[in-house]
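Read through the structure below, which is laid out as structure tokens, and then see the notes.
One is the number of the first residue; the rest follow in order along the sequence. Atoms within a ligand are numbered from 1 in the order they appear, just like the ligands themselves.
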Amino acid sequence: MGEAAATPMGASMQEIDVELAALRRRIAELERARHAAFPPAVAPTPPAVSHPALASTLQAFVKRVGTILQAEKCVIMLYDPSTGRLVAQAPAFHLSDEEVQALDVSADHGLSADVFRSQHTITVPDCAADPRCAADALPALGVHNALCVPLVVERRNEAQLIIERTPIGVIHVFNKRYGLKFSDEDERLLTVLARNATAVLSGALPVSHAPTPAEEKRLANTLQQMASGLLVLTGQGEVSIINATAADLFGVTIPTATGQSIDTVVADAGLHAFLREALGQDGALTREFTLKEHVYATEAAQVRDEQGRSSGVLCVFHDITEVRNVERMKSDFVSTVSHELRTPLTSIKGFVRTLLDDPEEAYFDRTMRMEFYGIIDSECDRLVRLINDLLSVSRIERGLPLTMNYCTTDAGALVEKCVAFQRSYTERHALRVRLPEEALPHITADKDKLDQVLTNLISNAIKYSPDGGTITLSVVDEGEQLRFAVTDQGIGIAPEHMHKLFQRFSRIHGGDTQRVGGTGLGLFLTKNLVEAHGGAIWVESTPGIGSTFLFTIPKQPTSVNEK
Ligand code: ADP
């Protein structure tokens, strides 16, 4: 069934969209009415940020938040009860004064308003797809993704129970670096950091207050749990804070490193020079280091006290090994795909040219010509399969579901057909089918996608058994589901590579199988196709002995969309 088809309730997608738009308008109207009738309780107007000490506290704060969260930009917005608007406060982190001035939004609708009114954190992975970002004109500031935490003043009674929560504004961090998205950990960190800012901004704490022991403990605990490495140095280059990740990275323990000079704690010469450079200059420094075979994006920024004096350097180590791996795999992938497209095209072109050069059929008889047509036909199939795979992968990458066309499928006949088809590609392998004695039942599945899964696994079994051998496709009826297994006697997969097997662009057998065609997309797609049916896929393998790829398919999907 296609995507534009009627839903189970009978309404078309367009009708639902129209109703949704009307509902959204109605919600916005109701929210406006609620705001007019019950304006949010607001703390006494926060002190003007133009106060010089407060401005420098704010500047140090947004810079620290930007560095720790690896965000490109950070800004605080405060609620102005006289206008009912949320107004960005200068100084912000990596936003110009003009951009800050322009960021003045309604407290009724939009991203900032939603966070302010609901007092809940909102993470936006893709601003372009979220109309609330457009309402705050964030795309104009070059914002792709955002994490937004409310600034809430909490009043407690003597037993330390919260008796009142008053929102005063929101804090935004924009654009996680290295093309990543903000995580749950970022949310926890920002929530803790925001509490401190709230206390200062609401006037509950003096601008240059010393953190209370409880605040210090909470911040220290949060920083300790950060997955990224964190190092805070005094102006003299002594370690004042080091978290577990950073200690592990330098091969030291937290107690032995704390209070020591980086000359003894940091052995890596390049990193040591970088930290010395950061200590000796103003502004932030960013560089990449490879430590213990991992790539770390390292950012160091001066920390300043309320009087604007340098009190040392804050340094964050963010593990971007995976990001770099994916980039490398993507660039390998482009060259592999170009090769995979060129191979069938070269063959098609060659055979068509040969046929055109023999218009009188003087050299090639009918049998030969039919053979050439057969080759052209199967090479065209190969191209179509490759392009379909690329389209499916791009769909999955954009987070779109695969369109399932469920129909009644004779699993036994499909297995026989797929195996018979693959037999025509190999003379060195014996392809066997092992089915239960009782005929397999008809199941409700997407026949083309199941065909694609089987074809992929059998053709991999052939490709990765260069010395031939037996390939067996067996099916077991497990009651609610069928379990398929494709076993080969090929090169196998080493345990350390197993986790990469189903990742996109991933080709395991480097040099030795580069001769074998492939894009590294087959298993990624296969896994997605099996999971779209509600099944699971896994592998058992011994290097040099062979592999078995197993997967399950429920006989009936949970929500049936039968043709
Ligand atoms: P490719 O297009 O490279 O075949 P796949 O996603 O189908 O991509 O497979 C990913 C990698 O997994 C292959 O490059 C190969 O290294 C390994 N692999 C897949 N199937 C097998 C198998 N049956 N035996 C050994 N290795 C396999």
**Message:** On a heavy-atom basis, I'd like to know which of Ile458, Asn456, Asn460 is closest to atom 20 (N) of ligand 1.
**Reply:** Asn460
**Prompt:** Does the side chain of Asp389 come under 3.5 Å of the side chain of Gln452 through a donor N or O and an acceptor N or O?
**Reply:** yes
**Item:** Centroid separation Phe289 to Tyr296 less than 6.0 Å
**Value:** no
**Prompt:** Any idea how Phe317 and Phe250 line up, ring-wise: parallel (<30°), tilted (30 to 60°), or perpendicular (>60°)?
**Reply:** perpendicular
**Fill in**
For Ile508, the ligand 1 atoms with a heavy-atom partner under 4.0 Å come out as 11 (C), 12 (O), 14 (O), 16 (O), 17 (C)
**Prompt:** Rounded to the nearest 0.5 Å, what separation is found between the CD atom of Glu185 and the OG atom of Ser228?
**Reply:** 6.0 Å
**Message:** Using a 4.0 Å cut-off to any heavy atom of Ser547, which atoms of ligand 1 qualify?
**Reply:** 24 (N)
**Asked** NZ/Lys417 to CG/Leu454 distance, rounded to the nearest 0.5 angstrom?
**Response** 9.5 Å
**Request:** Determine the interplanar angle of the Phe484 and Phe551 rings, folded into 0 to 90°, and report it as parallel if under 30°, tilted if 30 to 60°, perpendicular if over 60°.
**Result:** parallel
**Ile491 N/O under 3.5 Å from ligand 1 N/O** = no
**Contact check, Lys463 vs ligand 1, heavy-atom distance below 4.0 Å** = yes
**Prompt:** By number and element, which atoms of ligand 1 are closer than 4.0 Å to a non-hydrogen atom of Gly492?
**Reply:** 25 (C)
**Asked** Would a 4.5 Å heavy-atom cut-off, applied to side chains only, mark Asp488 and Asn460 as touching?
**Response** no
**Phe502 to ligand 1, any heavy atom closer than 4.0 Å** = no
**Message:** When you compare ligand 1 with Asp488, is there at least one nitrogen or oxygen pair between them that comes in under 3.5 angstrom?
**Reply:** yes
**Asked** Just heavy atoms, cut-off under 4.0 Å: does Ile493 contact ligand 1 by side chain, backbone, both, or neither?
**Response** side chain
**Prompt:** If you measure from each heavy atom of Gly490 to ligand 1, is any distance below 4.0 Å?
**Reply:** no
**Message:** Please tell me whether Ser118 and Asp114 have a donor and an acceptor in their side chains that are separated by less than 3.5 angstrom.
**Reply:** no
**Asked** Purely on distance, is any nitrogen or oxygen of Phe524 under 3.5 Å from one on ligand 1?
**Response** no
**Message:** If the cut-off is 4.0 Å to any non-hydrogen atom of Gly522, which atoms of ligand 1 fall inside it?
**Reply:** 5 (P), 6 (O), 7 (O)
